[in-house]
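We name chains A, B, ... by the order of the sequence lines, and we start the count at 1 in each one.
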Amino acid sequence: MCGRYTLKTKATDIARRFHFDLNPGLEDAFRPRYNISPGQGISAVIDDRDKDRRVPEILHWGLVPSWADDPAIARNLSNARLETVDAKPSFRDALRYRRCLIPADGFYEWKSTAGGGKAPHYFEVEDGALFGFAAIWEHWAHPDGSEILSCALLTTRPNALMAPIHDRMPVILPPELEAAWLDPRIINPAPLLPHLQPYPAEKMRARPFSPKVNNARLDDPSLLSDPPPPQEIAFFDKLL
DNA sequence: CCAGACGTTGTT
DNA sequence: GTCTGG
DNA sequence: CCAGACGTTGTT
DNA sequence: GTCTGG
């Protein structure tokens with residue numbers, strides 16, 4: 001699955017890469033992040049049909065279906081399986097009408113170890129370049145009148161690079177598909193889905209990571225230079 | 001017809 | 001074991 | 001995703 | 001809201 005990622009690229013570079021205007025007031029939302037977790041507000045890019053342009057949006061990571069009685073259901077819906085997303089009542093409308101892209105420049109997956117432990121690994125695309133996770137979003141009206149905008153990241157089977165670490169991986173949009181994925185005029189997503197594949201392993205790289213990332217309160221650049229456990233380095237070296 | 005679920009991950 | 005916080 | 005809490009009463 | 005189970 002995908003339950004943690006980074007977005008450390010400068011806000012102006014993110015806006016340029018995904019073609020949106022960086023409105024004032026988004027400085028904090030787009031501050032460099034090294035440990036983004038479910039339950040937080042995350043930066044997304046959507047195509048606003050009325051304005052006919054791409055806009056940044058802050059969405060709660062964890063989707064709340066519009067019919068939900070309790071928004072706490074979001075805790076279980078931070079991901080949506082690509083294989084079934086078009087059939088699930090919780091996701092179907094969002095897939096048709098509310099697709100979005102989540103800017104990122106790396107993500108974490110945990111490898112279950114023999115002793116029942118978890119060893120984090122860090123994954124990047126194209127030598128650390130920005131990319132977009134394929135995601136869907138939804139709105140939920142609170143009885144008190146307030147509204148929650150929320151999202152779920154799509155997942156799929158792992159590519160060859162990820163398979164030794166984990167049995168799922170997030171769906172990363174091929175850049176040439178980004179425009180169609182965001183296009184709100186496309187309300188039949190079926191032709192898009194075959195283009196969503198496990199991202200090519202040869203365009204990604206991976207490394208074992210410091211267990212400090214386990215603690216979601218730690219969100220600073222020192223994580224990236226903190227050494228991983230020696231046994232995980234050894235495990236990783238054997239894969240090559 | 002009404003009642004009750006609706007989801008993912010990991011783990012067993 | 002399960003729920004909440006980050 | 002992982003980490004960490006998880007409870008009451010009375011009193012200050 | 002919509003689908004499934006009874």
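- Residue contacts for A:Asn35: at a heavy-atom cut-off of 4.0 Å it reaches no nucleic acid atom on any strand shown.
- Looking at residues two or more places apart in sequence or on another chain, you find a side chain to side chain contact (heavy atoms under 4.5 Å, CB included) between A:Pro174 and A:Glu176, A:Leu177.
- Listed by residue number, there are no residues of residues 182-191 of chain A with a heavy-atom contact under 4.0 Å to DNA chain C.
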Nucleotide N/O of nucleotides 1-6 of chain E paired with protein N/O under 3.5 Å:
residue	atom	partner	partner atom	Å
E:dC3	OP1	A:Arg92	NH1	3.3

Original post:
Dot-bracket for DNA chain C, 5' to 3', counting Watson-Crick or G-U wobble pairs under 3.5 Å, with [ ] for crossing pairs and | for inter-strand pairs?
Top reply: ||||||

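- For A:Phe131 and A:Tyr199, the ring centers are positioned 6.0 Å apart or more.
- Nucleic acid contact for A:Arg81: sugar-phosphate only, since backbone atoms but no base atoms lie under 4.0 Å from a heavy atom of the residue.
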**OP:** Decide side-chain contact (heavy atoms from CB on, under 4.5 Å) for A:Met162 and A:Phe123; before the verdict, give the C-alpha distance in whole Å, the side-chain angles of both, and the deciding distance to 0.1 Å.
**Re:** CA-CA 9 Å; A:Met162 299 206 57; A:Phe123 295 85; 3.7 Å; yes

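- Annotation: proximity of residues 214-227 of chain A to DNA chain C (heavy atom, distance under 4.0 Å) is found for A:Ala216, A:Arg217, numbered in ascending order.
- The side chain to side chain contact (heavy atoms under 4.5 Å, CB included) check on A:Gln197 picks up A:Arg157, with sequence neighbours excluded.
- Residue pairs satisfying the ring pair (Phe, Tyr, Trp, His ring centres under 6.0 Å) criterion with at least one member in residues 40-60 of chain A, sequence neighbours excluded, are absent.
- Per the geometry, CD1 belonging to A:Ile73 stands 13 Å off C1' belonging to B:dG4, to the nearest Å.
- Identified under the ring pair (Phe, Tyr, Trp, His ring centres under 6.0 Å) test for residues 220-240 of chain A, with sequence neighbours left out: A:His121-A:Phe236.
- Chaining together hydrophobic side chains whose heavy atoms lie under 4.5 Å apart places A:Tyr122 alongside A:Tyr34, A:Tyr108, A:Trp110, A:Phe209, A:Val213, A:Leu218, A:Leu223, A:Leu224.
- Using a 4.0 Å heavy-atom criterion, one finds that A:Pro38 contacts the bases of the nucleic acid, with or without backbone contacts as well.
- For A:Phe91, the side-chain atoms get nearest to B:dT8 when compared with the rest of B:dT11, D:dC1, B:dT8.
- Looking at the side chain of A:Asn79, the nearest of the listed nucleotides B:dT11, D:dC1, B:dT8 is B:dT8.
- Qualifying side chain to side chain contact (heavy atoms under 4.5 Å, CB included) partners for A:Arg185, counting only residues two or more places apart in sequence or in other chains: A:Arg49, A:Asp183.
- Contacts of A:Pro211 classified as side chain to side chain contact (heavy atoms under 4.5 Å, CB included), with partners at least two apart in sequence or in another chain: A:Asn214, A:Pro229.
- Connectivity analysis of hydrophobic side chains (ILVMFWY, heavy atoms under 4.5 Å, direct or indirect) links A:Tyr97 to A:Ile187.
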